[in-house]
Peer 1: 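Mind looking over this structure? Questions follow.
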Amino acid sequence: MKYAREVPQDPAASPGGPVAAGPQQAAPAPARADERGHDEQRGTRNRVARSILDHGPSTAADLAVRLELTQAAVRRHLDTLVAEGVVEPREKRVYGARGRGRPAKAFALTDCGRDAFDQAYDKLAGDALRWIAQAAGGGEMGEAAVAAFARARMAAQAEGYRKALEAAAPESRTEALARALTADGYAATARSAPVGEQLCQHHCPVAHVAEQFPQLCEAETEVFSRLLGTHVQRLATIAHGDGVCTTFIPKSKTKTTTASASTAGRNPA
């Protein structure tokens, strides 16, 4: 046994008579084992939450394959994360014809779960944007000032994305953009969709601020349109309560310089 050497000898077998068992001898070992077990469980739950962050809403089966765990173990961790308010179950969105039986539940991060990652500066950013709006006179002038800031911010950010896209083959530009966004913390992926592609951002570092200031989403969508040289449509955003920011890029590319004002940064009805 691992702690066999720490167990006191039988007093009858001790050549020097009875041996006093000090409190420091054997008792701490189980406590250390319990602490290690707790830390391992917490570490695994963090891996589950991080996997949902990186890949978007996921079923227990998805997570089990991704993390090389049993589905039973994943479900235990998900139950704890749900109880802690870190994730929440949702009905999994089905593309195409739905099969028989009840659809599997997908688990998505809650606002509280996202807060555990890198959104510590939300209040500061929100205060700064409100100050910009007020300094410009408020109302429509204030909204225009925030929009101008959002476009300037995204224009600077887009320079790095532009280089990544220029180095990629035309048919791989959406994937190249996804990789560039991932490097900036957006956990983005690209996947095929009917008559086009979908760019999915499974995390948004500014989601809480974008909920208050949709100009941030609109500026981002406009940049995607310019980088890809085609009209794009924002189908869903984390800022509006969706599990993933999803942008549709059609196959037949019609060059444009702006995205649809009715869909940029908004979840269409």
Side-chain angles (χ1 to χ4, degrees), residues 51-59 62 65-66 90-99 103-104 106 108-109 150-151 154-155 157-207 210-211 214-269:
S51 185
I52 295 173
L53 173 72
D54 289 341
H55 298 274
S58 305
T59 65
D62 294 333
V65 172
R66 209 179 290 148
R90 297 180 179 179
E91 184 175 336
K92 186 177 181 182
R93 183 175 295 179
V94 178
Y95 297 94
R98 173 176 290 182
L109 285 179
R151 291 191 183 99
M154 280 306 304
Q157 200 169 326
E159 285 307 307
Y161 303 161
R162 191 184 309 280
K163 294 177 182 177
L165 267 66
E166 288 174 349
E171 65 275 12
S172 302
R173 285 179 181 169
T174 303
E175 291 182 3
L177 179 56
R179 288 193 296 270
L181 287 165
T182 296
D184 272 352
Y186 290 87
T189 58
R191 66 186 182 193
S192 297
V195 302
E197 295 176 290
Q198 283 187 352
L199 177 67
C200 300
Q201 295 159 261
H202 303 286
H203 180 51
C204 176
V206 297
E211 183 178 354
Q215 294 95 326
L216 296 173
C217 292
E218 291 165 4
E220 182 181 78
T221 308
E222 291 171 4
V223 162
F224 290 170
S225 179
R226 285 196 295 271
L227 289 172
L228 296 169
T230 185
H231 169 83
V232 303
Q233 184 180 18
R234 184 59 64 87
L235 302 178
T237 62
I238 293 170
H240 286 77
D242 299 296
V244 180
C245 293
T246 307
T247 306
F248 174 70
I249 301 110
K251 279 183 181 176
S252 81
K253 297 183 177 180
T254 305
K255 193 169 184 181
T256 185
T257 57
T258 60
S260 170
S262 63
T263 57
R266 295 181 172 85
N267 184 20

Peer 1: List the residues meeting side-chain contact (heavy atoms from CB on, under 4.5 Å) with R66, not counting sequence neighbours, and say none if there are none.
Peer 2: S51, H55, S58, D62, L63
Peer 1: What pair of heavy atoms forms the shortest contact from I238 to A207, and how long is it?
Peer 2: CG2-CB, 3.8 Å
Peer 1: Indicate whether any N or O donor in one side chain lies under 3.5 Å from an N or O acceptor in the other, for E197 and S192.
Peer 2: no
Peer 1: Once you round to the nearest 0.5 Å, how far does OG1 of T221 lie from CE of M154?
Peer 2: 8.5 Å
Peer 1: Could you pull out the closest heavy-atom pair between Q198 and A193, with the gap in Å?
Peer 2: CG-CB, 3.8 Å
Peer 1: T189 vs H202, test: side chain to side chain contact (heavy atoms under 4.5 Å, CB included). Steps then yes/no.
Peer 2: CA-CA 8 Å; T189 58; H202 303 286; 3.0 Å; yes
Peer 1: Just by modelled atom types, is the H240 backbone N or O under 3.5 Å from a matching donor or acceptor in the T237 side chain?
Peer 2: yes
Peer 1: So how far is it from L199 CG to I249 CD1, rounded to the nearest 0.5 Å?
Peer 2: 5.0 Å
Peer 1: Taking C-beta and beyond as the side chain, do R173 and L165 meet within less than 4.5 Å on heavy atoms?
Peer 2: yes
Peer 1: Among residues at least two apart in sequence or on other chains, which ones pass salt bridge (Lys or Arg N to Asp or Glu O under 4.0 Å) with E159?
Peer 2: R162
Peer 1: Could you check whether any side-chain heavy atom of I52 comes within less than 4.5 Å of a side-chain heavy atom of P57, counting everything from C-beta outward?
Peer 2: no
Peer 1: Can you name the nearest heavy-atom pair linking A178 to A190, along with the distance?
Peer 2: CB-N, 4.0 Å
Peer 1: Contact between E220 and Q201 at the side-chain level, heavy atoms closer than 4.5 Å - yes or no?
Peer 2: yes
Peer 1: Would you mind reporting whether L181 and F224 have side-chain heavy atoms less than 4.5 Å apart?
Peer 2: yes
Peer 1: Could you grab the distance from atom SG of C200 to atom CG of L235, nearest 0.5 Å is fine?
Peer 2: 9.0 Å
Peer 1: To the nearest 0.5 angstrom, please state how far the CZ atom of R191 sits from the CD atom of E175.
Peer 2: 13.5 Å
Peer 1: Less than 4.5 Å apart, side chain to side chain, heavy atoms only: is that true for R234 and F248?
Peer 2: no
Peer 1: List in chain and number order the residues that pass side-chain contact (heavy atoms from CB on, under 4.5 Å) with A167, two or more places apart in sequence or in another chain; answer none if no residue qualifies.
Peer 2: none
Peer 1: Locate the shortest heavy-atom distance separating G185 from H203; write the atom from each residue and the value.
Peer 2: O-CD2, 3.1 Å
Peer 1: Between the side chains of S225 and H231, does any donor sit under 3.5 Å from an acceptor?
Peer 2: no
